[in-house]
Colleague: 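Let me begin by handing over the structure; questions about it come next.
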Amino acid sequence: LAPRRRLLFHGPPGCGKTLAATVVAGELGLPLFRVRVETLFSRFMGKTASLLAEIFEQAQRKRGVYLFDEFDAIGKHRGDENDVGEARRIVSTFLQLLDGDEGPSLVIAATNERGALDRALFRRFDDVVLFDLPSDDGLRRLLELRTSSHSLSETAIEELTQKARGLSYADVTTAVTNAVKSMVLGGRDEL
């Protein structure tokens, strides 16, 4: 069996898609190459497709993890009535490049907008992984981890967990960081 080398991560912002790609690269001891989507798009017809081809050629030559973050900008549904034709060509090019890719690198695409992606993309990826908002248990564990040096009571952690429902991991981390900064700047000893 061939190893899984093409992964599609999807889910709400702040739930760990980019972090997971970084961890995969680190665990495999491979460099992480972040494809900056904004640099791919050109006003010249066909230039974007040739830039995509260059990335896949590089992935053949230099083994690594190639992350296409904000992938919905590339993999946009080809039936979009606002498209002038270039988006269709980009998606078709990406599909062809992915089909022809037999190199040593991993390709990871990450998006917040699964519904915006062209359906033909899903069968081209070996695994499609949902990164969802955290469960209560996930929130509790994150809060315990982020506040471990501040001795919050079990009751306080439980109350914060309830209030944090519907927030992403990144939202909760930011809130805790801001609370710690406020504590320090306010000269308080307790969080």
Colleague: So does A120 get a backbone contact from the side chain of D118, meaning a donor-acceptor N/O pair under 3.5 Å?
Modeller: yes
Colleague: Can any side-chain N or O of D72 pair as donor or acceptor with the backbone N or O of L117 at less than 3.5 Å?
Modeller: no
Colleague: Within the distance-only criterion (no hydrogens, no angle test), does the side chain of S182 pair as donor or acceptor with the backbone N or O of N178 below 3.5 angstrom?
Modeller: no
Colleague: Give, for atom CG of D132 and atom NE2 of H10, the distance between the pair rounded to the nearest 0.5 Å.
Modeller: 9.0 Å
Colleague: For the residue pair Q96 and R124, establish whether any side-chain heavy-atom pair is separated by less than 4.5 Å.
Modeller: no
Colleague: Please walk me through it: do L152 and L143 pass side-chain contact (heavy atoms from CB on, under 4.5 Å)?
Modeller: CA-CA 9 Å; L152 288 182; L143 286 163; over 6 Å; no
Colleague: Within a strict 4.5 Å, meaning less than it, do heavy atoms of the L133 and S168 side chains meet?
Modeller: yes
Colleague: Between the main-chain N or O of A156 and the side-chain N or O of S153, is there a donor-acceptor pair closer than 3.5 Å?
Modeller: yes
Colleague: State, yes or no, whether a side-chain contact exists between V176 and L160 at a heavy-atom distance under 4.5 Å.
Modeller: no
Colleague: Is any side-chain heavy atom of R140 closer than 4.5 Å to one of E158?
Modeller: yes
Colleague: For A175, does its backbone N or O pair with a side-chain atom of R146 as donor and acceptor, under 3.5 Å?
Modeller: no
Colleague: Taking side-chain contact (heavy atoms from CB on, under 4.5 Å) as the criterion, tell me which of T18, V35, V24 meets it with L67.
Modeller: T18
Colleague: Cluster question for you: counting only ILVMFWY and a side-chain heavy-atom cut-off of under 4.5 Å, with indirect links fine, are L167 and L142 together?
Modeller: yes
Colleague: If only atom types and distance count, is the side chain of D127 paired as donor or acceptor with the main-chain N or O of L7 below 3.5 Å?
Modeller: no
Colleague: If you define the side chain from C-beta out and look only at heavy atoms, does anything of Y169 sit under 4.5 Å from L19?
Modeller: no
Colleague: Indicate, with yes or no, if the rings of F56 and F94 have centres closer together than 6.0 Å.
Modeller: yes
Colleague: Check whether any side-chain heavy atom of L52 sits under 4.5 Å from a side-chain heavy atom of F68, and report yes or no.
Modeller: yes
Colleague: Decide if atom CG of D189 counts as having more than 12 heavy atoms of other residues, nucleotides or ligands within a radius under 6.0 Å.
Modeller: no
Colleague: Treating S105 as the side-chain partner and G64 as the backbone partner, does any N or O pair qualify as donor plus acceptor under 3.5 Å?
Modeller: yes
Colleague: Give the intermediate values and the outcome of salt bridge (charged side-chain N to carboxylate O under 4.0 Å, His left out) for residues R141 and D137.
Modeller: CA-CA 6 Å; R141 289 178 24 217; D137 186 52; 3.4 Å; yes
Colleague: Determine whether a donor-acceptor pair (N or O, by modelled atom type, separation under 3.5 Å) exists between the side chain of R4 and the backbone of D126.
Modeller: yes
Colleague: Do the side chain of K17 and the main chain of A109 share a donor and acceptor less than 3.5 angstrom apart?
Modeller: no
